[in-house]
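Before any comments, here is the structure.
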Amino acid sequence: MKDNNIRIKDFKVIIIFIYVLLMSSCNTDETQTVATFDNLVINEEFSTDGNLDSSLWNIETGDGTAQGIPGWGNNELEYYTDRTENLSVENGYLLITARQESFNGSSYTSARIQTKNKFQTQFGRFEARMRLPNGQGMWPAFWLLGDDNNGTEIWPNIGEIDIMENRGQQPTTISGAVHGPGYSGGNSINKEFNFSDSRVDTDFHVYGVEWGENYINYYVDDVLYNQITPEDVTGEWVFNDRSFYIIINLAVGGDFVGNPNSETLFPQTMLIDYVKVYQQ
C-alpha cells in the first residue's frame with residue numbers, strides 16, 4: 001500500500017511538471033505588446049463586380065516618372081494602368097494582374113492602388129487576405145506610407161510600414177519591414193516569416209500589422225512573428241506623429257526581387273479577398 005501511494009504521488013508530480021512546462025511554452029513573450037483593436041472602420045470585401053470603390057481607392061498610373069521617381073525608386077519594370085486587364089473586381093475578389101506587353105515604353109503592365117486623402121489614419125490593425133502570384137520578378141506588396149504634408153516632406157522621413165512583401169521566386173516566404181530616416185531601402189528593419197506546410201501562391205493567407213504607439217506587431221494568419229519598437233531602429237522613430245495610408249501593388253522586377261527570367265510565366269495575378277482596418 002505504501003508503494004502504491006508513492007507511485008500515485010510520483011504520478012501527480014509528473015502531471016504537474018508537464019502542465020507547467022506546457023503552460024510556459026505557450027505563454028506570449030511578456031516583452032511583446034499586443035493591443036486589442038476591435039472597432040472595424042474599413043471592411044472592403046470587393047463584393048460588387050466591376051470598378052473599384054472610388055470613394056476609398058485611388059488608382060495610380062505610370063512608371064514613376066511623373067512622381068519624380070522613375071522605376072518607382074526601385075528600378076521596377078512595370079507601367080501601372082487603370083485598365084481592366086490589370087485591375088478588376090470579380091466574384092468577390094480584387095484582381096491585380098501583371099502582363100508582359102509593350103505599353104508606353106515599358107515591357108510589363110500591372111496595377112497599384114492606394115487610399116491617400118481618402119482614408120488615412122494613425123494606429124490600428126490593418127489586414128488583408130490574399131493569394132499571391134508566382135515566379136522570378138514578381139513583387140506583390142501590401143504596405144502603409146506616411147503622409148507627405150502636401151509634398152513638403154519626402155521618403156524615408158515620412159515613414160513606411162511594409163505589412164507584407166514577397167519575392168515571387170520564394171513561394172514559402174514573406175517579409176515585413178519598416179523604413180525611416182537612417183534605416184531605409186537595403187537597411188530597413190525587417191524580418192521574414194517562413195511557411196512550413198503551405199505556399200503563398202496556392203493558398204490564401206491573412207497578412208497584418210497591429211500598430212500602436214511605439215510598436216508595430218507583425219502577423220500572418222493571426223500568428224505574431226515579429227515586433228518592432230523604437231529600440232530596434234537605427235534612426236528616428238517616425239510612426240507616432242502622422243497618419244498613414246494603404247497601398248497595394250504588384251511590381252515587376254526591381255532591386256528587391258530581381259527581374260523576370262525565361263521561366264517566369266505571364267500573366268500573373270494577385271488576388272485580394274478583403275482589406276480590413278480596426279481601431280480602438
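Atoms considered below: every heavy atom in the structure, side chains included; atoms not considered: hydrogens, waters and symmetry mates.
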Trace of the side-chain hydrogen bond (donor to acceptor under 3.5 Å, both in side chains) decision for N190 with S175:
CA-CA 7 Å; N190 64 82; S175 62; 5.9 Å; no

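Evaluated for a side-chain contact (heavy atoms from CB on, under 4.5 Å) with I113, the options L94, V275, I247 yield exactly one hit, L94. None of Y79, F266, W139 except one satisfies the ring pair (Phe, Tyr, Trp, His ring centres under 6.0 Å) rule with Y108; the exception is F266. F123 pairs in a ring pair (Phe, Tyr, Trp, His ring centres under 6.0 Å) with only one of the listed residues (W211, Y278, F244), which is W211. L87 pairs in a side-chain contact (heavy atoms from CB on, under 4.5 Å) with only one of the listed residues (D82, I96, L95, T81), which is I96.
Y183 and F239 have tilted rings, their planes meeting at an angle from 30° to 60° on a 0 to 90° scale.
Using modelled atom types, one finds no donor on one side chain facing an acceptor on the other under 3.5 Å when comparing E263 with N261. Between the side chains of S198 and D203, at least one donor-acceptor pair of N or O atoms lies under 3.5 Å. Side chain to side chain, D255 and N75 meet the donor-acceptor criterion of an N or O pair below 3.5 Å.
Ring centroids of Y80 and W72 are separated by less than 6.0 Å, placing the two rings close together. When ring centroids are compared, F142 and Y207 stay outside the 6.0 Å threshold. Aromatic rings of F37 and F126 (six-membered ring for Trp) have centroids beyond the 6.0 Å cut-off, not under it.
Under the 4.0 Å criterion applied to side-chain N and carboxylate O atoms, E153 and R242 are assigned as salt-bridge partners. Using a 4.0 Å cut-off between charged nitrogen and carboxylate oxygen, R125 and E127 count as a salt-bridge pair.
You'll find the side chain of M164 reaches within 4.5 Å of the side chain of L132, heavy atoms only.
Between D162 atom CG and I189 atom CD1 the span is 12.0 Å, to the nearest 0.5 Å.
Listed by first and then second residue, the salt bridge (charged side-chain N to carboxylate O under 4.0 Å, His left out) pairs that reach into residues 86-107 are R83-E101, sequence neighbours excluded.
In the hydrophobic cluster analysis, where Ile, Leu, Val, Met, Phe, Trp and Tyr join through side-chain heavy atoms closer than 4.5 angstrom, I163 is grouped apart from V206.
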